[in-house]
*Asks:* 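Structure provided below as structure tokens; questions to follow.
In this chain, numbering begins with 1 at the start of the sequence shown. Predicted, not measured: the structure shown is a model, and the values here were computed from it.
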Amino acid sequence: MRYAIVYSSRTGNTKQLAEAIQQVLPQEDCVYIGAPSDEALQAERLYVGFWTDKGSSSEEISAFLNQAGERQIFLFGTAGFGESQQYFDTVLKKAATNFDPQATLIGSFMCQGKMPMSVRNRYEQLQQEGKMPNAQAMIENFDKALVHPNAADLAALQDAVRAAQ
């Protein structure tokens, strides 16, 4: 079955996931890999990746998902926050609301991803100003996210892709 891997990656995290997916799929069946493009719509199966924006997929990925038609879709993404599968599932569910009603979700995967240092700096500033009561927890989450996606995340993603075949 012909497939395309479509993703949006601000910090490189989602791109890492896309590359991990490409490693486990037959290269001869790949019609496209990259940013949202009409070229990807030549495939029957879409692997669609995003960075989390306001609890869902980024705008460009949301718009692309709406064009998916009757294709099979595997959603994948990264989120700077959360070590919670429950949170990841909420993000994935919200992203899936952007599907064309005829599309079929065949699998999904999310993991934590590192954030730009400017985010940590902002948390520190807000903490110093007393404007963010939970700043220390946010800083700790930021520090935990620095090592993601890691080898275990990539292996779990590849397992999820294989299971969706």
*Asks:* Is any side-chain heavy atom of P149 less than 4.5 Å from a side-chain heavy atom of T14?
*Replies:* no
*Asks:* Please list, chain by chain and in numerical order, all residues satisfying side chain to side chain contact (heavy atoms under 4.5 Å, CB included) with E140, sequence neighbours excluded.
*Replies:* Q136
*Asks:* Under 3.5 Å, side-chain donor or acceptor atoms of residues 157-165 against the rest of the protein: list the pairs with distances, not counting sequence neighbours.
*Replies:*
unit_1 : atom_1 : unit_2 : atom_2 : d
Q158   : NE2    : A20    : O      : 2.9
Q158   : NE2    : Q23    : OE1    : 3.2
D159   : OD1    : R162   : NH1    : 3.1
Q165   : NE2    : Y47    : OH     : 2.8
Q165   : NE2    : V161   : O      : 3.3

*Asks:* Using salt bridge (Lys or Arg N to Asp or Glu O under 4.0 Å) as the criterion, list what pairs up with K131, not counting sequence neighbours.
*Replies:* E129
*Asks:* Is there side-chain contact between L105 and F99, with at least one heavy-atom pair below 4.5 Å?
*Replies:* yes
*Asks:* Is there a side-chain contact between V147 and K114, using heavy atoms and a 4.5 Å cut-off?
*Replies:* no
*Asks:* Scan for ring-ring contact (aromatic ring centres under 6.0 Å, His included) pairs involving residues 111-150, sequence neighbours excluded, and state none if there are none.
*Replies:* none
*Asks:* Quick one: pull up CZ in R122 and CE in M117 and give me the separation to the nearest 0.5 Å.
*Replies:* 13.5 Å
*Asks:* Given side chains that start at C-beta, do those of V48 and I61 come closer than 4.5 Å, heavy atoms only?
*Replies:* yes
*Asks:* Which residues satisfy the side chain to side chain donor-acceptor pair (under 3.5 Å) test with N141, sequence neighbours excluded?
*Replies:* Q112
*Asks:* Do the non-hydrogen side-chain atoms of M132 and N134 ever get within less than 4.5 Å of each other?
*Replies:* yes
*Asks:* Mind checking side chain to side chain contact (heavy atoms under 4.5 Å, CB included) for S84 and listing every partner two or more places apart, or none if nothing turns up?
*Replies:* Q86, Y87
*Asks:* Can you list everything that forms a side chain to side chain donor-acceptor pair (under 3.5 Å) with E60? Sequence neighbours excluded, please.
*Replies:* S8
*Asks:* Output all residues satisfying side chain to side chain donor-acceptor pair (under 3.5 Å) with D89, sequence neighbours left out; order by chain, then residue number.
*Replies:* Q85
*Asks:* For the residue pair K94 and S57, establish whether any side-chain heavy-atom pair is separated by less than 4.5 Å.
*Replies:* no
*Asks:* Would you compute the distance between atom NZ of K93 and atom OG of S108 and round it to the nearest 0.5 angstrom?
*Replies:* 12.5 Å
*Asks:* Taking only residues at least two apart or on different chains, which pairs with a member in residues 36-51 satisfy salt bridge (Lys or Arg N to Asp or Glu O under 4.0 Å)?
*Replies:* R2-E44
*Asks:* I'd like to check the salt bridge (Lys or Arg N to Asp or Glu O under 4.0 Å) partners of K144; sequence neighbours left out, ordered by chain and number.
*Replies:* E83
*Asks:* Same cluster or not: are Y3 and M1 linked, directly or through other Ile, Leu, Val, Met, Phe, Trp or Tyr residues, by side-chain heavy atoms under 4.5 angstrom apart?
*Replies:* no
*Asks:* Suppose we screen for side chain to side chain donor-acceptor pair (under 3.5 Å). Which residues come up paired with E124, at least two apart in sequence or across chains?
*Replies:* R120
*Asks:* Show, in sequence, the C-alpha distance, side-chain angles and deciding distance for W51 and S9, and conclude whether the side-chain contact (heavy atoms from CB on, under 4.5 Å) test is met.
*Replies:* CA-CA 6 Å; W51 54 277; S9 186; 5.6 Å; no
*Asks:* Under the side chain to side chain contact (heavy atoms under 4.5 Å, CB included) rule, collect the residues that match up with E70, sequence neighbours excluded.
*Replies:* Q102
